[in-house]
Amino acid sequence: MDKKELPGSMRFTWAMIGDVDEGRANLGDKMPVAVYRLFQYTLRATLAEEYGPDECIRLFRKCGELAGREFCRNLLDVSLPLGEFVAQLQQRLKDMQIGILRFEQFDETTGRAVLTVGEDLDCSGLPVTGETVCNYDEGFIAGILGEYTKTQYVAIEVSCWAKGDRVCRFEAEKV
């Protein structure tokens, strides 16, 4: 079954997020990080059990990339110069309590980027397992950078709270 054959409820559009203010008039748009992680890590465990760890990681990256592209299209101004775009992205991620983003380097010629995310929604405070776990974030970052630059990106996490680090560090490059 290709993408065009999927039922409408299975194809992501930004409209699927809905009107949170209307739908959650009493509870609002905030929820504990533990609830988000409950969803993410049970989904991750189930996918890894059903399809194997490598396929689970591939799917999490793919989902993150779709989310990053849609996040960028709907919440960011890609017409801004790089510095202003990065500032806007940093503020949006902070306002939405996703994490605290810092670009360590960005080479406008090659597109290579090194960035960190502190207080990461996905992993800050997790027990140390010796593994990187922010595969969704890898895709999310690749999606945002790809949408901004109109190219394809790949991002790999090289430091992670779950490896004993205090920030997540990602290296991103154009494909």
Side-chain angles (χ1 to χ4, degrees), residues 3 12 14 17 33-76 78 82 85-108 110-175:
K3 292 178 185 178
F12 180 78
W14 195 257
I17 292 172
V33 172
V35 175
Y36 168 80
R37 288 183 182 175
L38 176 67
F39 172 76
Q40 180 184 31
Y41 285 105
T42 56
L43 179 61
R44 183 182 180 91
T46 301
L47 288 173
E49 183 179 299
E50 291 288 322
Y51 301 108
D54 291 341
E55 183 65 2
C56 172
I57 289 169
R58 186 189 74 77
L59 289 170
F60 260 68
R61 285 179 181 146
K62 186 174 181 176
C63 292
E65 183 174 358
L66 174 59
R69 286 189 177 279
E70 291 297 322
F71 182 91
C72 189
R73 286 179 188 142
N74 289 278
L75 299 177
L76 301 171
V78 297
L82 180 63
F85 176 79
V86 168
Q88 179 188 50
L89 173 59
Q90 289 171 317
Q91 191 61 52
R92 181 69 69 179
L93 294 177
K94 186 177 179 186
D95 290 347
M96 296 181 84
Q97 300 179 3
I98 294 170
I100 299 170
L101 175 69
R102 187 171 76 87
F103 271 74
E104 293 184 341
Q105 57 181 235
F106 187 86
D107 184 325
E108 290 190 64
T110 66
R112 185 176 187 285
V114 178
L115 50 103
T116 62
V117 181
E119 298 186 39
D120 188 305
L121 182 61
D122 289 347
C123 75
S124 293
L126 286 182
V128 175
T129 63
E131 302 173 69
T132 59
V133 298
C134 300
N135 310 116
Y136 182 87
D137 292 353
E138 290 171 326
F140 190 73
I141 290 164
I144 290 170
L145 292 174
E147 192 65 26
Y148 179 72
T149 62
K150 303 298 183 219
T151 59
Q152 187 74 25
Y153 261 84
V154 63
I156 300 297
E157 185 178 31
V158 295
S159 301
C160 182
W161 190 287
K163 284 184 71 174
D165 302 301
R166 287 298 175 245
V167 296
C168 295
R169 179 169 285 105
F170 299 88
E171 295 179 356
E173 295 185 0
K174 289 181 181 181
V175 175

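Here the closest heavy-atom approach between residue Gly111 and residue Phe106 is recorded as O-CE1, 3.7 Å. Nearest approach of Gly146 to Tyr153, heavy atoms of both residues: N-CD1, 3.7 Å. Nearest heavy-atom pair across Asp120 and Arg37 is O-NH2, 3.3 Å. Thr149 and Leu145 make their closest contact through OG1-O, 2.8 Å (heavy atoms, listed as atom of the first residue, atom of the second, distance). Between Arg112 and Glu173 the shortest heavy-atom distance is NE-OE2, 3.5 Å. Gly68 and Ile144 make their closest contact through O-CG1, 3.4 Å (heavy atoms, listed as atom of the first residue, atom of the second, distance).
Between Leu89 and Leu76 there is a side-chain heavy-atom pair separated by less than 4.5 Å. At a threshold of 4.5 Å between non-hydrogen side-chain atoms, the residues Leu101 and Leu115 count as touching. Within the 4.5 Å cutoff, no side-chain heavy atoms of Gln152 are placed close to those of Lys174. Between Glu104 and Arg169 there is a side-chain heavy-atom pair separated by less than 4.5 Å. Two residues are said to be in side-chain contact when any heavy atoms from C-beta on lie closer than 4.5 Å; Leu75 and Met96 meet this criterion. With a 4.5 Å cut-off on side-chain heavy atoms, Lys62 and Leu66 do not count as touching. Inter-residue side-chain proximity for Glu138 and Phe170 is flagged as met; some heavy-atom pair is nearer than 4.5 Å. Using a 4.5 Å heavy-atom cutoff, the side chains of Asp107 and Thr110 are in contact.
To the nearest 0.5 Å, atoms CD (Gln40) and CG (Leu38) are separated by 10.5 Å. Once rounded to the nearest 0.5 Å, the distance linking CG of Asp122 with CG of Asp137 reads 4.0 Å. Here the SG atom belonging to Cys63 is positioned 11.0 Å from the CG atom belonging to Asn135, to the nearest 0.5 angstrom. We find the CG-CD distance between Leu59 and Glu50 to be 12.0 Å, quoted to the nearest 0.5 Å. Annotation: the span from Lys150 atom NZ to Glu147 atom CD amounts to 4.0 Å, rounded to 0.5 Å.
Looking only at atom types and distance, the side chain of Gln105 has no donor-acceptor partner in the side chain of Glu171 under 3.5 Å away.
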Step by step, would you call Arg61 with Glu65 a salt bridge (Lys or Arg N to Asp or Glu O under 4.0 Å)?
CA-CA 6 Å; Arg61 285 179 181 146; Glu65 183 174 358; over 6 Å; no

Show the numbers, then the answer: is there a side-chain contact (heavy atoms from CB on, under 4.5 Å) between Gln90 and Val86?
CA-CA 6 Å; Gln90 289 171 317; Val86 168; 3.9 Å; yes

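Figure legend: cation-pi geometry between Arg44 and Phe60, with NZ or CZ positioned under 6.0 Å from the six-membered ring centre and within 45° of its axis.
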Could you list the donor-acceptor pairs under 3.5 angstrom formed between side-chain atoms of residues 155-164 and any protein atom two or more places apart in sequence or on another chain?
from: Glu157; atom 1: OE1; to: Val133; atom 2: N; distance (Å): 3.4
from: Glu157; atom 1: OE1; to: Cys134; atom 2: N; distance (Å): 3.0
from: Trp161; atom 1: NE1; to: Leu126; atom 2: O; distance (Å): 3.1

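In terms of the ring pair (Phe, Tyr, Trp, His ring centres under 6.0 Å) criterion, residue partners of Phe140 (sequence neighbours excluded) are, by chain and number, Phe71.
Identified under the ring pair (Phe, Tyr, Trp, His ring centres under 6.0 Å) test for residues 35-58, with sequence neighbours left out: none.
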